[in-house]
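Worth knowing before you read on, the calculation uses all heavy atoms, side chains too, and leaves out hydrogens, waters and symmetry mates.
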Amino acid sequence: EAREDSWTWNGSAWRKGAARGPSARASATMATRDDVAVLFGGLDEDDDVLSDTWTWDGSAWSEKKVKGPRALYGASMATLGATVVLFGGVDDDNAAHDDTWTWDGASWTRQEVKGPSERFDATLATLDGVVVLFGGKGPHSVVLDDTWTWNGVSWTQLQVKGPSARFWASMAMIGVQSIPDAGKDSGAPRDAAIDSGKRPDATLGHDGGDAFAGEGGLATSDAGADS
């Protein structure tokens, strides 16, 4: 069942928001830009694919009546500088896409670039001034294990070994983060972590794999779920 409630986490407790906002949905995608959360698309209770854009400023939702990506669910978003980057997703014909879009706070712009192949439910996070993309699920239900970076202009595939093929995984920065202080940053992002997700050769939850991290790299855990 899709839901429409909003919750915030303050570091020690969850609080349910009272503000009304986006309709009930699943598989929407979110990222933050300048202390505002941006939400795009998803799948509603009638299995209709959505194309609306919303922002959350900490107290209220606001719908942005703008043109942008086609109706999508399972797309992926991350923050890069003053923009939010959206990649991939599935449309209402169940076709995966390889579009790259950026949100500048007022409008969406499609980036006419080549990059990762068509996919949905990939995972994205920001690390040292680039967006890192891992895995996802492509056409013909192929589960992917490739790693890409987006620098704001172009995509680059990294020829590295990493987690096994998976989708619906999660990834986030860890370590020193950029914290505004009197107009200056007190640090820079160092690490990112990826955990869980779905892959062909695992069962739901942790399977005994250990997490590991490298300086300026990715921390991964050998966990996942059946495809």
Is there side-chain contact between [X] and [Y], with heavy atoms separated by less than 4.5 Å?
{"X": "Trp150", "Y": "Leu124", "value": "no"}
{"X": "Val85", "Y": "Trp101", "value": "no"}
{"X": "Asp91", "Y": "His97", "value": "yes"}
{"X": "Val38", "Y": "Trp54", "value": "no"}
{"X": "Thr102", "Y": "Gln111", "value": "yes"}
{"X": "Leu133", "Y": "Trp155", "value": "yes"}

Taking every non-hydrogen atom, the tightest pair across [X] and [Y]:
{"X": "Arg20", "Y": "Trp61", "value": "O-CB, 3.7 Å"}
{"X": "Asp98", "Y": "Pro116", "value": "CB-O, 3.4 Å"}
{"X": "Glu118", "Y": "Pro139", "value": "O-CD, 3.5 Å"}
{"X": "Phe120", "Y": "Ala96", "value": "CD2-CB, 4.3 Å"}
{"X": "Thr100", "Y": "Phe87", "value": "OG1-CD1, 3.4 Å"}
{"X": "Ala28", "Y": "Gly41", "value": "CB-O, 3.3 Å"}

Roughly how far, to the nearest 0.5 Å, is the [atom2] atom of [Y] from the [atom1] atom of [X]?
{"X": "Ser62", "Y": "Trp56", "atom1": "OG", "atom2": "CH2", "value": "11.5 Å"}
{"X": "Asp44", "Y": "Ser27", "atom1": "CG", "atom2": "OG", "value": "11.5 Å"}
{"X": "Asp121", "Y": "Lys137", "atom1": "CG", "atom2": "NZ", "value": "8.5 Å"}
{"X": "Ser164", "Y": "Asp145", "atom1": "OG", "atom2": "CG", "value": "8.0 Å"}
{"X": "Asn151", "Y": "Thr156", "atom1": "CG", "atom2": "OG1", "value": "6.0 Å"}

* Asked: Under 3.5 Å, is there a donor-acceptor pair between the Ser12 and Asn10 side chains?
  -> yes
* What residue among Leu86, Thr53, Thr83 forms side-chain contact (heavy atoms from CB on, under 4.5 Å) with Trp103? ->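 The single option meeting the side-chain contact (heavy atoms from CB on, under 4.5 Å) with Trp103 is Thr53.
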* Considering residues, nucleotides and ligands other than Asp35, do more than 12 of their heavy atoms fall under 6.0 Å from its CG? -> no
Under 3.5 Å, which donor-acceptor pairs do the side chains of residues 65-82 form with other protein atoms, sequence neighbours left out?
{"from": "Lys65", "atom 1": "NZ", "to": "Glu63", "atom 2": "OE1", "distance (Å)": "3.4"}
{"from": "Arg70", "atom 1": "NH2", "to": "Asp99", "atom 2": "OD2", "distance (Å)": "2.9"}
{"from": "Tyr73", "atom 1": "OH", "to": "Asn94", "atom 2": "OD1", "distance (Å)": "3.2"}
{"from": "Ser76", "atom 1": "OG", "to": "Ala122", "atom 2": "O", "distance (Å)": "2.7"}
{"from": "Thr79", "atom 1": "OG1", "to": "Thr32", "atom 2": "N", "distance (Å)": "3.4"}
{"from": "Thr79", "atom 1": "OG1", "to": "Thr32", "atom 2": "O", "distance (Å)": "2.4"}

* **Whichever hydrophobic residues join Val153 through chains of side-chain contacts under 4.5 Å** =>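 Same cluster as Val153: nobody, lone residue.
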* **Side-chain hydrophobic cluster, 4.5 Å single linkage: members besides Trp14** =>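 Trp7, Trp9, which link up through side-chain heavy atoms under 4.5 Å apart, make up the rest of the cluster.
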My understanding is that only residues two or more places apart in sequence, or in another chain, count here; which of them pass side chain to side chain contact (heavy atoms under 4.5 Å, CB included) with [X]?
{"X": "Asp146", "answer": "Arg119, Leu144, Trp148, Gln157"}
{"X": "Ala24", "answer": "Ala2, Glu4, Glu45"}
{"X": "Asp34", "answer": "none"}

* Asked: Is a donor on one side and an acceptor on the other found under 3.5 Å between the side chain of Asp93 and the backbone of Ala95?
  ->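 Answer holds: no.
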* Asked: Do Leu39 and Arg25 pass the side-chain contact (heavy atoms from CB on, under 4.5 Å) test, and can you show the C-alpha distance, the side-chain angles, and the key distance before you say yes or no?
  -> CA-CA 11 Å; Leu39 178 149; Arg25 66 191 64 201; 3.7 Å; yes
